Amino acid sequence: MKRHKNKQRIIKMTTRKKVHTYVRVKPTDEFAYEMITFGEDNKSIDIHIKKDSRRGIINNQQTDWSFKLDGVLHDASQDCVYDTVAKEVVAQALDGYNGTIMCYGQTGAGKTYTMTGTTENYKHRGILPRALQQVFRMIEERPTHSITVRVSYLEICNEALFDLLSTLPYVGNSDTPMSIVESPQGIFVKGLSVHMTGREEDAFSLLFEGETNRIIASHTMNKNSSRSHCIFTIYIEAHSRSLSDEKYITSKINLVDLAGSERVGKTGSEGQILKEATYINKSLSFLEQAIIALGDRRREHVPFRQCKLTHALKDSLGGNCNMVIVANIYGDATQLDETLSSLRFASRMKLITTEPSINEKYDAERMVKNLEKELILLKQELAIHDSLANRAMVTYDPMDEIQIAEINSQVRRYLDGSLDEIDIINLRQIQEVFNQFRVILSQQEEEVEASLRRKYTLINKNDFATITAVNKAGLVDVEGNTVGETDGQGFGLGVAPFSAKPGKKGKFKKTFRDITGASTKKEGLLSPASAKDVDSLSTSRSQLLSSSKEADVKDAPSHDREASSSEPVVSDSPKEDSHTTRPGTPPPKPSAFEEFKNERGSEINRIFKQNKTILNDRRKKASETAQRINSIKKEIDSTKEALDVQKTFREEQGEYENKGLMIIDEEEFLLILKLKELKKQYRGEYQDLRDLKAEIQYCQHLVDQCRQRLLTEFDIWYKESFLIHEDVQAPLKAKGSIRLGLLPLSKLTSLVRLKMMKINLAKSKHQSSLTVPTRSLSTMPE
Ligand code: ADP
Ligand code: MG
């Protein structure tokens, strides 16, 4: 276990990397030896001041500071600085890692000297020319790759962007106003000229051009170079010379010479200059805010877009880059306060970890070509396999319309049973077979739905308003069935033999045979199961409301029956029955059902109705709760939107922080509180809805059970009352436990014989076993 943990840590250590920070001290004749000391390993710098010597500016409680960095460059040559600071970053850029090197410090501390160096003296050239040199040297060492180098030079001054290479001829869109654009490929400055450089000398002349422009601009446009940030970028793209390698790498090295970091208070400047000074401070403080956010791994949002500098460097700060910071400081005692703040900045930078990774891309054109080659090869391979396996010519190309039509017909034949098997040929064909199954299934669904629509009006199950309205009108119960009577389960039992199916029309004989042998289910127009099948097949979200006259039959007491007796089902049946030779015409089932409900079925009917009322009530509640949830959700959304607006506004205004806490205004705070409250309400209502849904499901089950029971009992009662001769009924009733519907024919005939023998049967008052055991029909628990 322990070892496993260690292994993980090692992996992490190799992928995560700290920002490297160095301090470079500008040589001076008045080095403050008593105040600045360096650690023996040259990786720490200690500052000591005499108490109260600089009151007001430096915390008078603290007189000693110690900063641990990656290296202290004191009296270091440009050569040494480059090797320590930049060499590794540039080398890794050629392997696809982005790199950023930044110089930070007060004006005059040596940032430009470190970054660019003096152009007059080759020996004193800075990181920029040396980096270009190294890049071209390394390209020469890699003949296996075709590597292109391009450069750009951007200056940001008072939040305005300047292209320091705009004076050079450029093929790109150099006229467009510059803006920082975020694309899936990363951040880039639109309108900034990027120049291809094939040789070291070209690169140098570009650099000199940029430097000259920088100096000229500082005079002609009154741009003080100490108040601007300069970003020199080297873009590298390396393609393998071997065409089979479709991968290529890209990287960029950002070399940043930041504006002077001195504070406004100290410069004591006024007017325009003061304004500029505040600007510089602001963008550097935004840089610092971004760095703090990057250093805090709990922070999800890093405010990159607050100023042009951080926005332009968005993908070069932290992230997947190799990052190096050089803090340029004075060694003089007089500059100690600025020196301290530069060192603090550097040590904050050290807290950031980055995860350098290679920027690997794929050359689409090469990839397609390689895949085409691979495809041809694999087809040849398949052909060999087919011929070895003695398989006739099988094609592996995409199917045409005729082939697809053939598969469709195969599947249809398979479905109707005229084809036993579908031969497997290849993967494409198997996929097409499944596809055609799906096509046919959806066609059938459509057909079923269309035919149902011709017959019925469909109501959406979730449309409680319509259902309630229809309910009020007495057309359907909550499930959309005409209550307990005309739905598939209800009426089916009675209606079918008399009217629905011509083949079975009024055939009393058939009905009789059914009583004596067959299952009652068969009589139905729609058995519960089949009704359900239709429902789930085509109208899973809708329900059926009969639009024919059956729908008029309502859950009314029996004396109201006349009103609905216009229904053909009811009026037809006696006519049909008159054809039969059987003595005694049984009454039509609908009116018999009414009678039953008032008689033996009264108790179960009462329970049935009661359960339905509860179910209705719960559904209504559920619908109301759902509506409430919807409106809360809407309110949550609008509050969120308002909060976003507030947040964007705050970010645009610049964020204020106090001891690491974000300061927000009251309006935003109230919105947050409101959102919290709404979320709480939402959760509460949601829980209620879930409980209600569970209850509804339970109630539904009870209602179904009751209805089934009501119908079964009715059927038995009907047969018992009207279809079997009185004399036969008596012994059956006496037996008590025998269910008529299940009585075998032999038993019945023997009973008839018994009647013939005029055996006097006991007329004792019986307790019918057909009474619904109320126990199993208990009403819903509240
Ligand atoms: P910054 O860019 O930070 O404002 P500069 O790089 O322009 O500062 O430096 C100011 C002056 O100090 C320049 O004349 C520069 O040549 C000189 N200077 C800075 N650092 C060094 C150094 N390490 N060695 C020699 N001269 C330096
Ligand atoms: Mg400078």
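Predicted, not measured: the structure shown is a model, and the values here were computed from it. Atoms within a ligand are numbered from 1 in the order they appear, just like the ligands themselves.
Of the protein's non-hydrogen atoms, the one nearest atom 7 (O) of ligand 1 is T112 CB, 4.0 Å. Closest protein heavy atom to atom 11 (C) of ligand 1: K26 NZ, 3.8 Å. Closest protein heavy atom to atom 1 (P) of ligand 1: G108 N, 3.4 Å. Nearest protein neighbour of atom 22 (C) of ligand 1, counting heavy atoms only, is Y113 CE2, 3.2 Å. The protein non-hydrogen atom at the shortest distance from atom 8 (O) of ligand 1 is G110 N, 3.2 Å.
Residue-ligand proximity, Q106 to ligand 1, at heavy-atom distances under 4.0 Å covers atoms 3 (O).
Heavy-atom separations between M115 and ligand 1 are all 4.0 Å or longer. In this structure, T107 is part of the shell of residues with a heavy atom less than 4.0 angstrom from ligand 1.
Side-chain rings of Y248 and H145 stay apart, their centers remaining 6.0 Å or farther from each other.
Shown here, atom 19 (C) of ligand 1 is in close reach of the protein: a heavy atom of it lies under 4.0 Å off. In this structure, atom 14 (O) of ligand 1 has its sub-4.0 angstrom surroundings free of protein heavy atoms.
Counting heavy atoms from C-beta on, the side chains of T114 and D257 never come closer than 4.5 Å.
For the 3.5 Å distance criterion, the side chains of T233 and N254 qualify, holding a donor opposite an acceptor.
Under a cutoff of 6.0 Å and an axis angle of 45°, R348 and F345 do not form a cation-pi pair.
If you look at R24 next to ligand 1, the close heavy atoms, those under 4.0 Å, all belong to the side chain. In P27, the part holding a heavy atom less than 4.0 Å from any atom of ligand 1 is the side chain.
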> For E355 and N320, what are the C-alpha separation, side-chain angles and deciding distance, and is it a side chain to side chain donor-acceptor pair (under 3.5 Å)?
Replying inline: CA-CA 5 Å; E355 281 176 76; N320 69 348; over 6 Å; no
> Could you go step by step and tell me if H48 and D64 meet the side chain to side chain donor-acceptor pair (under 3.5 Å) rule?
Replying inline: CA-CA 5 Å; H48 172 77; D64 291 281; 2.5 Å; yes
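Not one N or O on the side chain of E155 forms a donor-acceptor pair closer than 3.5 Å with the backbone of I231. Proximity of a side-chain donor or acceptor of T28 to a complementary backbone N or O of E30 within less than 3.5 Å is detected.
Among the backbone and side-chain atoms of T107, none of the N, O or S atoms lies under 2.8 Å from the Mg ion (ligand 2).
Aromatic ring pairs are classed by plane angle as parallel below 30°, tilted from 30° to 60° and perpendicular above 60°; the pair F208 and F204 is tilted.
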